[in-house]
Amino acid sequence: MITYLLCFILFLVGLYGVLTRKNLIKIIIGLSVMEYSLYLFLALIGYIDGGAAPIIDPSKPAGLVVDPLPQAFVLTAIVIGLATTALLLAIAIRLYKKYNTFDIDKINTLKG
Amino acid sequence: METTLIVILILMIAGALHALHARDLLSAIVSYAVVGYSLVVGFLVLKAPDLAIVQIVVETIALIIMVSVLIISTREDLAKRDTIIIKGQSYINVRNLAYIFFAVVAGFFLVYFFNMVSSGLEPLGVHETRMATEYIKNGVEGTGSVNLVTGVLLDYRGFDTLGEATILFTAVMGILAILRLKTHKI
Amino acid sequence: MKGMTIIVKNVTALLSGLIFLYGCYIVLHGHLTPGGGFAGGIIIAGSFILLVIANGIQYFRLNKEKEESSLFEGAGIFCFLLLATGGLFLAVPVFFKNLLPGGTPGELLSAGIIPVYNIFIGIEVAAALLSIFLAFVIFKTED
Amino acid sequence: MRAINVLIYFLICFATWLLLTHNLGWQNLVAGSVISLLTTLVFSRYFNFDVTKMINPVRWFWMIIYIIYFIWQCVKANFDVAYRVLHPAMPIKPGIVRVNLTLQGSLARTILANSITMTPGTIAVDIIDDILYVHWIYVRYLDHDRYAYRISGKFERILKKIFE
């Protein structure tokens with residue numbers, strides 16, 4: 001149970017970063033940390049004690065195997081996470097070219 | 001087993017906290033890499049080699065992209081903010097009190113929801129889901145794929161993969177639109 | 001980006017092809033060993049990214065290459081959809097029908113249509129990541 | 001020369017595929033040849049080293065000697081660096097030295113630079129026009145001939161026998 005709690009704390013760390021940091025790069029890092037905590041949480045849910053990796057040798061009878069369904073979900077989520085991170089970085093670098101800063105407060109005051 | 005995971009998670013939390021507080025953005029990105037690569041070790045401990053392979057290459061590519069962004073821009077975090085202290089005015093005003101109130105309420109709700117969710121979970125290592133036994137028993141005959149993750153991903157749940165490919169395509173189109181080159185002069 | 005020293009260039013010239021080969025191995029054996037279209041596609045993109053980083057962008061005519069990788073991406077996702085609806089041609093009204101014969105599990109040619117899906121996903125992911133990277137690099141050298 | 005290069009690259013790719021898969025079934029062989037052909041089509045244009053000389057078996061003999069000599073040097077340098085690190089006074093005198101290369105051929109130079117880098121205590125920084133820049137943990141001599149012999153003399157002599 002303590003691993004679930006630590007995953008939740010990692011999620012909170014990411015949320016804290018998104019809410020309090022002023023730098024766009026650090027906000028993106030916070031979002032990624034939240035994503036990572038969710039991946040680990042899903043993988044934890046699928047884990048079975050004493051289970052093998054979900055690759056079955058067809059010549060032998062199947063033993064105890066880790067649940068493959070959460071792993072399939074996480075697999076798609078990781079690639080999507082990379083794409084969204086890259087999209088956010090593209091937005092950040094566009095804003096930097098325009099306002100010459102990563103500070104969201106300064107971008108707010110400079111707008112117009 | 002569980003202690004290994006706890007150590008990895010504590011390392012991840014420490015890396016994330018340092019990444020959020022580092023003054024130099026390059027060191028922030030290196031600390032962020034600590035989080036990602038610890039996640040790879042966590043996946044290996046949890047018997048998920050597919051996830052470990054994907055995560056290790058994704059983390060590497062993400063680092064390359066992040067560093068290429070930093071090289072164009074600045075490495076410094078924000079300039080040091082001078083806190084203005086006006087004499088006679090205390091820190092306890094309505095605005096700060098409202099912030100603290102909202103933070104406490106939001107934290108309470110988050111912990112409440114986590115408690116609600118985790119009361120329905122089995123402890124780590126015990127797992128009784130109907131779909132898992134079904135997939136494990138019939139997966140190889142049903143899909144013909146020895147690797148069950150690929151079988152689930154591309155046969156039982158092909159729609160998800162199609163949606164993922166669509167999102168990837170859309171994201172790339174968005175990036176190309178945002179970072180659009182100058183119009184060609186012909 | 002100027003490109004690195006001649007040492008790095010030579011080592012990259014020796015190794016990038018083998019990295020590409022390894023990515024293809026991961027894609028093709030996705031239904032037998034850990035890996036699959038996603039991981040293999042990213043490794044294939046990595047081999048090209050290595051070449052671009054080592055040799056500098058003047059070495060390649062990059063604008064053209066970016067168009068090509070976008071084209072590959074579109075072709076990959078289109079073929080994926082075509083295969084998904086392919087059951088219609090055989091009068092099976094199921095989306096994502098596994099319509100090829102199964103074969104014995106454990107061989108390279110088995111699992112019906114899953115390896116073909118894997119190949120197209122690999123093409124799509126590789127092209128997507130390569131065009132993301134090239135967009136950042138070209139944006140950096142623009143002004 | 002061009003055609004032989006392409007052929008050799010194809011063979012390297014095919015051997016790598018066989019090492020990766022450990023399987024001699026016909027499906028695997030067909031897939032391996034197709035993938036190797038694809039790799040050769042895309043990447044063989046970067047493989048422009050002069051490899052025709054390597055058919056001579058004498059050169060392979062010298063290569064084995066080079067590997068043994070390199071491992072011996074590596075072990076010696078490891079102990080040297082460990083001594084410098086563990087010594088309380090830390091007797092280091094770092095600096096970057098220039099070594100004039102007599103070796104021709106880019107592949108030989110790359111192998112030389114990588115050997116120097118893999119030996120602890122020295123790091124090859126760059127090669128610019130026949131001059132190799134090396135970062136050295138303890139600059140023992142200031143005379144060019146002596147430190148050049150010390151850093152790369154034997155390596156270069158054996159590599160010349162292999163590649164020229």
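Atom set for the values below is all heavy atoms of this structure, side chains included, hydrogens, waters and symmetry mates excluded.
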**Message:** Show the nearest heavy-atom pair for residues B/Gly151 and C/Ile114, with the distance to one decimal.
**Reply:** CA-CD1, 4.2 Å
**Complete:** On a heavy-atom basis, the closest approach of B/Leu168 and C/Glu124 is CD2-OE1, 3.8 Å
**Complete:** In short, B/Thr150 meets C/Gly30 closest at the heavy-atom pair OG1-O, 2.8 Å
**Asked** Of the backbone (N, CA, C, O) and the side chain (C-beta and beyond), which part of B/Ile56 lies under 4.5 Å from a heavy atom of chain C, both, or neither?
**Response** neither
**OH/C/Tyr22: more than 12 non-hydrogen atoms of other groups inside 6.0 Å** = no
**Request:** Check whether B/Leu148 gets within reach of chain C through its side chain, its backbone, both or neither, counting any heavy atom under 4.5 Å.
**Result:** neither
**Item:** C/Phe38 and B/Leu153, any side-chain heavy atoms less than 4.5 Å apart
**Value:** yes
**Request:** Rounded to the nearest 0.5 Å, what's the gap from CG on C/Leu134 to CG on B/Leu179? Could you check?
**Result:** 11.5 Å
**Request:** Please state whether the side chain, the backbone, both or neither of B/Gln55 comes within less than 4.5 Å of a heavy atom of chain C.
**Result:** neither
**Asked** Taking side chain as C-beta onward, heavy atoms only, is B/Ile61 less than 4.5 Å from C/Ile132?
**Response** no
**Fill in**
Partner of B/Val57 under side chain to side chain contact (heavy atoms under 4.5 Å, CB included), picked from C/Leu129, C/Ile42, C/Ile26, is C/Ile42
**Request:** Among the options C/Gly35, C/Gly36, C/Gly41, C/Gly37, pick out the one with the most heavy-atom pairs lying under 4.5 Å from chain B.
**Result:** C/Gly35
**Message:** I'd like to know if the side chain of B/Asp50 reaches the main chain of C/Pro34, judged simply by a donor and an acceptor atom lying under 3.5 Å from each other, with no hydrogens or angles considered.
**Reply:** no
**Complete:** Honestly, the part of B/Val149 sitting under 4.5 Å from a heavy atom of chain C is neither
**Complete:** Nearest heavy-atom contact between C/Ile53 and B/Ile64 is CD1-CG2, 4.2 Å
**Closest approach of C/Ala39 to B/Val54 (non-hydrogen atoms, all atoms of both residues)** = CB-CG2, 3.7 Å
